[in-house]
**Student:** 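Supplied in C-alpha cells, the structure appears directly below.
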There are 2 protein chains.
Amino acid sequence: MSEDAGPAEVTGSPALLREINCAKVFTALRGGPAQRLTELSARTGLSRPTVAQAVTQLVEGGWAEYAEETGAGETAAGRPRIGRPARLVRFRGRAGYVLGIDIGPHKILAVLADLTGDVVAKRRRDDHFAGSGEEVLTAVRQTITDLLNTARVRREDVWSVAVGTPGIVEERTGAVRMAPSLPGWHRIRLTGALGRSLRCPVHVENDVNLAVLAERWRGVAVGVHTVVFVQWGARIGAGLIIGDRLHRGAGGMAGEIGYLSVFGEADIDSDAAGLGPLERLVGAAAISSAAGSPPGPAAPRVDRRPEELDAAAVFAAARDGDAAAAAAVDTVAQRLARGLSALLLLLDPDMVVLGGGVSAAGEPLLAAIRRHLCPLTLTEPVLALSSLGDEATALGAVRTALSDVERRLLPRATPIPDVP
Amino acid sequence: MSEDAGPAEVTGSPALLREINCAKVFTALRGGPAQRLTELSARTGLSRPTVAQAVTQLVEGGWAEYAEETGAGETAAGRPRIGRPARLVRFRGRAGYVLGIDIGPHKILAVLADLTGDVVAKRRRDDHFAGSGEEVLTAVRQTITDLLNTARVRREDVWSVAVGTPGIVEERTGAVRMAPSLPGWHRIRLTGALGRSLRCPVHVENDVNLAVLAERWRGVAVGVHTVVFVQWGARIGAGLIIGDRLHRGAGGMAGEIGYLSVFGEADIDSDAAGLGPLERLVGAAAISSAAGSPPGPAAPRVDRRPEELDAAAVFAAARDGDAAAAAAVDTVAQRLARGLSALLLLLDPDMVVLGGGVSAAGEPLLAAIRRHLCPLTLTEPVLALSSLGDEATALGAVRTALSDVERRLLPRATPIPDVP
C-alpha cells in the first residue's frame, strides 16, 4: 500500500475481535461515569452480549467493577421501580497508578496519576546535579519514596513508570548517551536501576519526546496530527509527532536542531561544552550575550539555570522599553527563525509548540519570530506557546506509562484513544 | 497510546475478520504460483475453511480463478494418481491493469502494469512543454492512447490511474500549485480532466512523493522505515516516508528543501524564476556556473534539461582530471551537504536516496557529499543512489494506483504488503 506499507502481521481471529471490542468498551468506561450495559452498548455501537463479554473481561482484570444504581427504587421519572436496581459498571481509576518522572540537571519532578490519567500527587526537587550519576539516582529514588508516602499509595500499586531524561536513550537498557548537562549519567542503566526498587516496567525516553506527547495529550496540540515541540533553554532540541506517531529517528536522534548550521557556521563539534551551532546562537547564554557584548558562535558555558535567569532579565528589560535589550530579543528571534524555517520547509507540520525556559518570554517573542519567519517559509506556520510549562516532560512520562499499561491489557487491539 | 495516538474507529466484526483473512490469502496468492487450498492454508496459517471462504470471495471479485493441476494423472513421485486432479487457485494478474504517469516539463512517461505490479508496457514522450496546460493534457491523453493500443489493453480494463506532477497537489481536485516549470498547469483539474476519458479513479500526487514510494517498493529502499528521496536536477526537492508512511505535510508542502537558507542567504522569494536559496546554490545551473564563473545566489534560469546537460559535462570533466571541474563538483557537494545536514539532524532517517539528473554523476559525487557531511551531523548517515533513475515517479504512480485498487477490494483490512 502506498501510505501504510508495513507488513500485515495480524491474523483475523476471534481473540483479536474480542480485544478490539474490549478496547471500545474500555474507552467508553474510562471516559464516563458508572453506566448500564445498555448505555455502554449504545455508546460503543456494540451488541449487548458483546459488551457483557468485554465487561466481564475488564472486571476480571481489575479494571472495572460492578455497582448498584444510586437512587435505587425510583426510576428517572421519580416513580417507584419494580424489582432490583439496575446493575452498573464503572472504571476503577484507582485500581492502580502510574508514575511519570522528569530528571533534569536542575530538577527532579515526579507525578503520580491514576489509571484515568488524573494527577493524584506531585513531588518536585530543585537542585543542581553536577556530580555522579549515582547521586542523581539516589535523589530520584528518594523523590519517589516521598511522593508515594505523601499520596499514601503502596509501591506495589504502581503499575508502570516512565522517566524522561536529556540525551539519547538506548531503548532496551535505558542507558543515556550525549547528556553533557548530567555528567556521569551515561554510566547508569536506568531501566534496571529503577526497576529493582519499583518492581514494575520502567520506560526511559528522551525528555523532549515526552514533552511533545504531553502537549498533544493535554496541552496546546490536542488532536494535532503533526506537531513539533521546540524545547528552548540553555540548549535547544525538538520532539516530533508525525502523523500521530512519535518519531525518534534511526538512532533515536531525530529533532537535534541545536546542531543546525543556519548561517554556514563552523563544524558542529567545535564547541568545548558540546553546544551545537544553533544553540550557541540562540541558547539562553547567547541571549544575555546579545544584550551586552556582540554575539558570536562561541559561548561555551553549560550550567543551565543561571543563563536562563539572565535571559529572562533581558526579556523583562525589553518589555520595559530598554532599546538594547529589545534589539537583542529581535536578533535572537531572527536566528531562531532561521532554524525553524528548516523544519517548517522540511516537515510542513500542523503546529510548532515553543516550550522551555526561554519560551516563558511569551507572545512578544513569538510575534518577533513570526515576523522573521515570514520571508523564509512558503506558508504561514501555526506557532503556539507550550501550555504545560516545565511539567510537560513529567506529564508525557505519565502518558507513556499509561500507554504501557494499556498495551499490556490489550496488546493486539487498535490503539486506545487518549483520555480527554 | 503514546506512539499510535489515532482514535480507534474500527469495530471488531466478523466482516472485518473476513477482510483481514482475505488480505492474507490475497497476498499469498499474488506472490505465488497456482496453489491448492491446503498449501494456501499452510502459507497463511489460516484454517482450510477460512481459506476456502476467502478464495470464493476473491474468485467472485474477479481477482482469482480456479485451475486444474498440470501433469494431472501423476503424483509428484511420477506414479499414476487415482481420481481427479487437485483443484488449484491462481491470482488473475491480468484481470485488470493500472496506469502510472509521470508528467514533467520535458517528458511524459506512462507505464502500464498488471495487478501484480509487473510492467506490461511503457510509452515515453520527450518534449519541452512551455505552453498551455491544455497542450500538456492533450499530449498526456495521446500518450495513454498510444500505450494502450500498443499493449492491446482495452480502456475499460484499466482499473486505476495515478499521475505524478511537479508542484503542490490539491488532493480532491488534482489541481496543481507552485509548478513554475509547467506554465498554465495550475489551471488544469487533472482528476476530472483525465477521469472523463478513462472512467476509473485518477489520483494526482507530487512527483517526488511518488519517487520515494517507488524506491521503497522496488528501488534501493525496500523495507526501509524512514527514507528521504532527494530529487536533484535544475530544482531540488524531497519526498519523505516516515515510519512506513508517506508524509505530505499540513499543506502538502513537506520536503521543500530547495528553499532552505543554509548560509543565511536572502529571502526565499528573491529569485525571479522561483528558485529557492538552496536550488540557486546546488541546482544544475549552479554546477556549470561554479565550474566557470564564481557561483552566486542568482542563477535565474528555469528551463531544466540544458542545465542538467551542462552539469553532466562538468562531472565528466571532473572525472577526466579537469581541476576546475573537480573543484566545482566539490563546492556543490559541500553546499548540498549543508542542506542535507538539516534533514539528517531533524529526522535521523534510516536512508537518504539521491535521485534526479544531477545524481547521475554517481559514486564520486556521493563520496564528496559524505565527506562534507561528516563534520555536520551526529551520526554517519546511509546515503544511496536511486536505482530507478528517471522512471521512479512513474513506478511510484503504478504503486499508488495498485494501492487504490487494493483499498477498494479490502477497505478495512490491514494494509496489504507490497508485491516483492
**Student:** Of the listed residues (A254(A), A162(A), S341(A), G252(A)), which shares the most heavy-atom pairs with chain B below a 4.5 Å separation?
**Tutor:**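 Highest number of pairs under 4.5 Å: A254(A).
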
**Student:** With a 4.5 angstrom heavy-atom cut-off, which part of L240(A) approaches chain B: side chain, backbone, both or neither?
**Tutor:**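 Contact with chain B involves the side chain of L240(A) alone.
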
**Student:** I need the minimum non-hydrogen distance between P349(A) and A250(B), along with the two atoms involved.
**Tutor:**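 The answer is O-CB, 3.7 Å.
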
**Student:** Below 4.5 Å, heavy-atom pairs only: which of L210(A), T226(A), L347(A), V228(A) has the largest tally toward chain B?
**Tutor:**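 Between L210(A), T226(A), L347(A), V228(A), the count favours L347(A).
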
**Student:** Please give me the minimum heavy-atom distance between Y259(A) and L345(B), naming the atom from each residue.
**Tutor:**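 Where Y259(A) meets L345(B) most closely, the heavy atoms are O-CD1, 3.4 Å.
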
**Student:** Under 4.5 Å between any side-chain heavy atoms of L346(B) and L260(A), yes or no?
**Tutor:**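 A side-chain contact under 4.5 Å is absent here.
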
**Student:** Among residues at least two apart in sequence or on other chains, which ones pass salt bridge (charged side-chain N to carboxylate O under 4.0 Å, His left out) with R177(B)?
**Tutor:**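 Once residues adjacent in sequence are excluded, R177(B) has no partner under the salt bridge (charged side-chain N to carboxylate O under 4.0 Å, His left out) criterion.
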
**Student:** Below 4.5 Å, heavy-atom pairs only: which of I257(B), I242(B), D350(B), V382(B) has the largest tally toward chain A?
**Tutor:**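 Most heavy-atom pairs within the cutoff with chain A belong to I242(B).
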
**Student:** With a 4.5 angstrom heavy-atom cut-off, which part of M351(A) approaches chain B: side chain, backbone, both or neither?
**Tutor:**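 Contact with chain B involves no heavy atom of M351(A) at all.
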
**Student:** Examine whether an atom of L343(B) lies under 4.5 Å from a heavy atom of chain A, and if so say whether it belongs to the side chain, the backbone or both; otherwise answer neither.
**Tutor:**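 Interface part for L343(B): both.
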
**Student:** Which value, rounded to the nearest 0.5 Å, describes the distance between I168(B) atom CD1 and T379(A) atom OG1?
**Tutor:**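 Rounded to the nearest 0.5 Å, the CD1-OG1 separation comes out at 9.0 Å.
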
**Student:** Minimum heavy-atom separation for R248(B) and D348(A), please, with both atom names.
**Tutor:**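 Nearest pair, atom of R248(B) first, then D348(A): O-OD2, 4.3 Å.
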
**Student:** Starting at CZ of R245(B), measure out to CG of D244(A) and round the result to the nearest 0.5 Å.
**Tutor:**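 Between atom CZ of R245(B) and atom CG of D244(A) there are 6.5 Å.
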
